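All figures in this text were calculated on a predicted structure; none of them were measured in a lab. Residue numbers start from 1 in every chain, and the chains themselves are labelled A, B, ... in the order their sequence lines are given, proteins ahead of strands.
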Amino acid sequence: MIRIQAEDFDVGAEMAAMNGDGDVGALASFVGLVRGGKGDEKIGAMTLEHYPGMTEKKLAQIEAEARTRWPLEDCLIIHRFGRLEPGERIVMVITASSHRQAALEACAFLIDWLKTSAPFWKLEERSGGEEWVEARASDDQAAEKWAANK
Amino acid sequence: MIRIQAEDFDVGAEMAAMNGDGDVGALASFVGLVRGGKGDEKIGAMTLEHYPGMTEKKLAQIEAEARTRWPLEDCLIIHRFGRLEPGERIVMVITASSHRQAALEACAFLIDWLKTSAPFWKLEERSGGEEWVEARASDDQAAEKWAANK
Amino acid sequence: MKLLYFAWLKQKIGIAEEDITLPDDVATLGALVTWLKSRGPGYEEALGDLAVVRFAVNQDFAGLDHPLSDSDEVALFPPVTGG
Amino acid sequence: MKLLYFAWLKQKIGIAEEDITLPDDVATLGALVTWLKSRGPGYEEALGDLAVVRFAVNQDFAGLDHPLSDSDEVALFPPVTGG
């Protein structure tokens, strides 16, 4: 399941909702937060812009791909948009499977792919004004690793 | 930090306590549950026995090893003992780091190593009586992978 | 054709979206980019370095050789930075 | 010396722990195992297949050649299955 929303989410409640029945023995999760920085390198708030419609389409494709690759009992992706302060949750991925390997790998896959194929853009508030975050080559490499390991 | 306890734990509260300050941008978690099985393969409760003293020592060693390998802002391992019903949480690992790769890898490392070096034993209640769970070769292989990649 | 702009492309072009009639001789994304750049300095600045521009046609990523028709939804944006 | 047994080793031997005086000629874990097996059928059954027995000396995993002293805490148990 995927959800794109401005509101915060409750990680514990979402995970609890995924272990109700059957054969779930492993829940893996990833939560991305707005970093606050340390000492002199304090980071301000950021605003997440997205492409409504395409975001849903891409996240649904990514989820379907993960379910093809691993035997998942359940899968949830939540991504927020709008203005977020340091410490706030941006994104969450939860995967549920019978065994841990599938849950852990699928979770890493989902966040790696989401980083490079979900249409979100971060605008950071800095001391010198606003600045769009640049994409990192390491994110492309992380996603390509999964393409090679298909 | 490590905790060994009979009581359940609150995943959301534990994760929230780890994103308070500074440079945490990524939280990875793993939660292991008692599987309930499906259809005709229903699984009963299990009892986790452990070796008090050695358990604390090994988990602390595993946590220290993870902190040596990855730049973690925080790290929490909780493992329960005693009788647990299907669907109940057994173990939780949370790792916090600036970036996702460190958090995800350290989380997978911790649960892999914990599986082979923390002195816990599972006694399953089955229709034919009680049975001690046998160790799986795949768990040894998962732990050895990290030794090779040191 | 519906055109959508995001992030700094939206800021440089000055609008979030617009409806255009696709010229007869514009048959691919690459030709569309060339045509857009002729429409003013904002477009020219936004599309000056295509290494940092990505494209979607009908909400799927597409390359410059992707064919276009007037009923398509085309989006132009920087490499994504979510997650 | 304090001896601890866990899981099915505890069930087969019939006790969770015991204090013994280490015989003078028992200097390693391997020698301890041989000596224990001579103490009764429960021990013999529990220690019949050492491929499924693991050892800890003072709460660290140890092999059969590990040296012992009378002040050690020695534990015998099956391969672990937690997590």
Against chain A, label Thr95(B) side chain, backbone, both or neither, depending on which of its atoms sit under 4.5 Å from a heavy atom there.
neither
Residues of residues 3-13 of chain B contacting chain A, heavy-atom criterion under 4.5 Å, by residue number
Val11(B), Gly12(B)
Could you tell me which non-hydrogen atom of Gly36(B) sits nearest to which non-hydrogen atom of Pro86(B), and how far apart they are?
CA-CB, 3.6 Å
Which residues pass the side chain to side chain contact (heavy atoms under 4.5 Å, CB included) test with Glu134(B), not counting sequence neighbours?
none
Side chain, backbone, both or neither: which part of Glu105(B) has an atom under 4.5 Å from a heavy atom of chain A?
neither
Any side-chain heavy-atom pair from Gln101(B) and Ser138(A) closer than 4.5 angstrom?
no
Salt-bridge test for Glu125(A) and Arg83(A): reply yes if a basic N is under 4.0 Å from a carboxylate O, no otherwise.
yes
To check you understand the geometry: which heavy-atom pair defines the closest contact between Cys107(A) and Ala28(A), and what is its length?
CB-CB, 3.9 Å
Greatest number of non-hydrogen atom pairs under 4.5 angstrom with chain B, of Gly25(A), Ser98(A), Ala142(A), falls to Gly25(A)
How many angstroms lie between atom CD1 of Ile78(A) and atom CD of Glu14(A), to the nearest 0.5 angstrom?
4.0 Å
Phe120(A) vs His79(A) aromatic rings, parallel, tilted or perpendicular, using cut-offs 30° and 60°?
parallel
Tell me, side chain or backbone of Ala96(B) under 4.5 Å from chain A's heavy atoms, or both, or neither?
neither
Test of understanding: with side chain to side chain contact (heavy atoms under 4.5 Å, CB included), list the residues that count as partners of Asp139(B), not counting sequence neighbours.
Arg100(A), Lys115(B), Thr116(B), Arg136(B)
Met18(B) and Leu76(B) have their tightest heavy-atom pair at CE-N, 4.0 Å
Quick one: which of Val34(A), Asp112(A), Ile90(A) has the most heavy-atom pairs under 4.5 Å with chain B, could you say?
Asp112(A)
Is chain A contacted by the side chain of Ile111(B), its backbone, both, or neither, given a heavy-atom distance below 4.5 Å?
both
Given side chains that start at C-beta, do those of Glu73(B) and Asp23(B) come closer than 4.5 Å, heavy atoms only?
yes
Residues of residues 48-60 of chain A under 4.5 Å from chain B (heavy atom pairs)?
none
So which heavy atom on Ala102(B) is nearest to which on Trp70(B), and how close?
CA-CD1, 3.8 Å
Under 4.0 Å between a Lys/Arg side-chain N and an Asp/Glu carboxylate O for Arg67(A) and Asp74(A)?
yes
